[in-house]
*Asks:* 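Input: one structure, supplied below.
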Number of protein chains: 2
Amino acid sequence: MRAGKEAEAVAAAESDRAKPTRRRMTSSTGRPRSEEAHQAILDATLALLAEVGFSALTVEGVAQRAGVGKATIYRRWSSKLPLVVEAFGALPGFEDVDAGSLEQDLKETLKKYLEAFNTTALGTVFPSLAGERAHNPELSKMIEPVARARREPFVRIFERARQRGEIADDVDLGLAADLVLGPISVTLFFRGGVLSPRMVDPIVDLALSGISKRN
Amino acid sequence: MRAGKEAEAVAAAESDRAKPTRRRMTSSTGRPRSEEAHQAILDATLALLAEVGFSALTVEGVAQRAGVGKATIYRRWSSKLPLVVEAFGALPGFEDVDAGSLEQDLKETLKKYLEAFNTTALGTVFPSLAGERAHNPELSKMIEPVARARREPFVRIFERARQRGEIADDVDLGLAADLVLGPISVTLFFRGGVLSPRMVDPIVDLALSGISKRN
DNA sequence: GGATTACGATACAGTACGTTCCGTAATCAA
DNA sequence: TTGATTACGGAACGTACTGTATCGTAATCC
């Protein structure tokens, strides 16, 4: 479940973790860093992010929850920002689903989407970080590729559908993805509502066929 | 521009302001509360909400920005929560637009929508509050009617369209509203992007006609 | 076994919060 | 006009919590 596909992709963008890692390579002596502590810190970060949100999250709180000293955290991450970004990037990603038709692809992928939002910290962490972006450009920049990656599977689904001839050539694939994801986003942000897998089929049906009456 | 339609509707739900107001009615003597200070406080709250977000907002900061003492604020609101709710509720609402056709109604209303998001604090305040809802049930409950009111005009547009026979009887009007609002929400939250009025026409066209190729 | 680095725990200084009190200003009643 | 009452902006107070530095201990390499 943990550590989705884009986790590695994100690692490349983590200038912060790279630095201490490189420094360690210079001197291979001394006590090695505990991998358990590393994982415990990331887990605690996600849990607290879900509970109290980004701005109320403190390094001290993470240390307490993870059962480590604060210094252990600051030795690896310069501040809570890169720590949060890495923890968020480690949340599960989404694999491509190719069920043969546009409709089935969308429905299956969306259901996996909602399940992930409901069963992991994603459902609470994502809105919190999204809300923070408006006031924190640095966080916004670091989160951007991770957020974009979560929309990518849908763009690919529509690319395949176009190749199959299921949609017209002039349809904006990005807009199509936004149209399908939209009601989820509205439910999550505008209404703070529950994401039920039952909402998937009506969304896809309506988005594909359109709202207007067909003549 | 300021003080939209739902401002009054919200006032009813403000248990907090009601209390001191009632207490004042008991004794009509003494120096009256400054209406200027009241407005300055609300303005400052909105400005700071847009700049730093909900959790970083402090009553002290509001007092400084508004040029009033902290006591003046605490005399009217018991905490920053009802203060924020009232300030948010005072943001502009949306009037119904009846341009004669579903397509025109949607396009004109959406363009007003985006304009409001871009020219007022709504664009930054709304995501911040939405993100906070997950961790603050009290805020969530108080914001809910205000957030719902912002979707209402679209539901009414679809109701009129159904009466005109422009859409089928079995279309879920709420879902239709979410479908049209969706790409805006995705742009705002998932991508932290800019809301350009030019995105409106493609959204409406695609939502009305559907993504699938028509045969 | 000595050098080196990481570990958890704690102590420290600094910041900023919400609350409370102050003297002053504005309104009403007598 | 005077006294009572309430609101005003400003400032002081105690508290809570932050990031950093430092402690003795533990684990690894040469």
Side-chain angles (χ1 to χ4, degrees), chain A residues 16-17 19-45 48-49 51-84 132 135-136 138-139, chain B residues 16-17 19-45 48-49 51-84 132 135-136 138-139:
Chain A
D16 223 79
R17 228 197 123 189
K19 245 182 288 171
T21 303
R22 214 181 309 123
R23 202 193 306 150
R24 267 209 89 214
M25 293 172 70
T26 313
S27 71
S28 68
T29 174
R31 176 175 175 174
R33 293 193 178 169
S34 161
E35 194 53 42
E36 288 176 26
H38 197 89
Q39 199 51 242
I41 291 169
L42 288 181
D43 289 348
T45 302
L48 279 177
L49 220 43
E51 283 178 28
V52 304
F54 176 79
S55 37
L57 180 116
T58 68
V59 174
E60 180 148 32
V62 172
Q64 263 183 320
R65 173 75 64 105
V68 305
K70 280 194 281 184
T72 303
I73 298 180
Y74 280 107
R75 206 173 285 121
R76 302 167 195 234
W77 295 276
S78 60
S79 71
K80 80 170 179 179
L81 204 145
L83 169 61
V84 164
E132 199 66 24
H135 320 292
N136 194 331
E138 209 178 346
L139 171 69
Chain B
D16 223 78
R17 229 200 121 187
K19 246 181 290 172
T21 303
R22 214 182 308 125
R23 200 193 308 150
R24 266 209 88 213
M25 292 173 70
T26 312
S27 71
S28 69
T29 174
R31 176 175 176 175
R33 292 192 178 169
S34 161
E35 195 54 43
E36 288 177 26
H38 198 89
Q39 199 51 242
I41 292 169
L42 289 180
D43 289 348
T45 302
L48 279 177
L49 220 43
E51 284 178 28
V52 305
F54 175 79
S55 38
L57 178 116
T58 68
V59 174
E60 179 147 33
V62 173
Q64 262 183 320
R65 173 74 63 105
V68 305
K70 282 193 279 184
T72 302
I73 298 181
Y74 280 106
R75 206 173 287 122
R76 301 164 194 238
W77 295 276
S78 59
S79 71
K80 79 171 178 178
L81 205 144
L83 169 61
V84 164
E132 199 66 23
H135 319 293
N136 196 331
E138 209 177 346
L139 171 69

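Note that these values count all heavy atoms, side chains included, but never hydrogens, waters or copies made by symmetry.
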*Asks:* Taking the nucleotide of DNA chain C with the nearest heavy atom to each, does Lys80(B) or Ala71(B) sit closer to the 5' end?
*Replies:* Lys80(B)

*Asks:* Please report the C-alpha distance between Thr58(B) and Val52(B) in whole Å, then the side-chain angles of each, then the deciding distance to 0.1 Å, and finally whether the side chain to side chain contact (heavy atoms under 4.5 Å, CB included) criterion is met.
*Replies:* CA-CA 10 Å; Thr58(B) 68; Val52(B) 305; over 6 Å; no

*Asks:* Choosing from dG9(D), dA6(C), dC8(D), which nucleotide comes nearest the side chain of Arg75(B)?
*Replies:* dC8(D)

*Asks:* Using whole Å, what does the distance between atom P of nucleotide dC17(C) and atom CG of Leu48(B) come to?
*Replies:* 11 Å

*Asks:* Is there a donor on the side chain of Arg33(B) or the base of dA7(D) sitting less than 3.5 Å from an acceptor on the other?
*Replies:* no

*Asks:* Using a cut-off of 4.0 Å between protein heavy atoms and nucleotide atoms, how would you tag nucleotides 12-17 of chain D 5' to 3' with B, S and -?
*Replies:* ------

*Asks:* Ile41(A) has an atom CD1; how far is it from atom C1' of dC7(C), in whole Å?
*Replies:* 11 Å

*Asks:* Picking from dT28(D), dG9(D), dA26(D), which would you name as closest to the side chain of Pro32(A)?
*Replies:* dT28(D)

*Asks:* Mind checking side-chain contact (heavy atoms from CB on, under 4.5 Å) for Ala66(B) and listing every partner two or more places apart, or none if nothing turns up?
*Replies:* Ala40(B), Ile41(B), Ala44(B), Val68(B)

*Asks:* Quick one: on DNA chain D, does Tyr74(A) or Thr72(B) contact a more 5' nucleotide (nearest heavy atom)?
*Replies:* Thr72(B)

*Asks:* Closest approach to the side chain of Ala37(A), judged atom by atom: which nucleotide of dG8(C), dA3(C), dA6(C) is it?
*Replies:* dG8(C)

*Asks:* Where the side chain of Val59(B) is concerned, which of dT4(C), dG9(D), dG18(C) is the nearest nucleotide?
*Replies:* dG18(C)

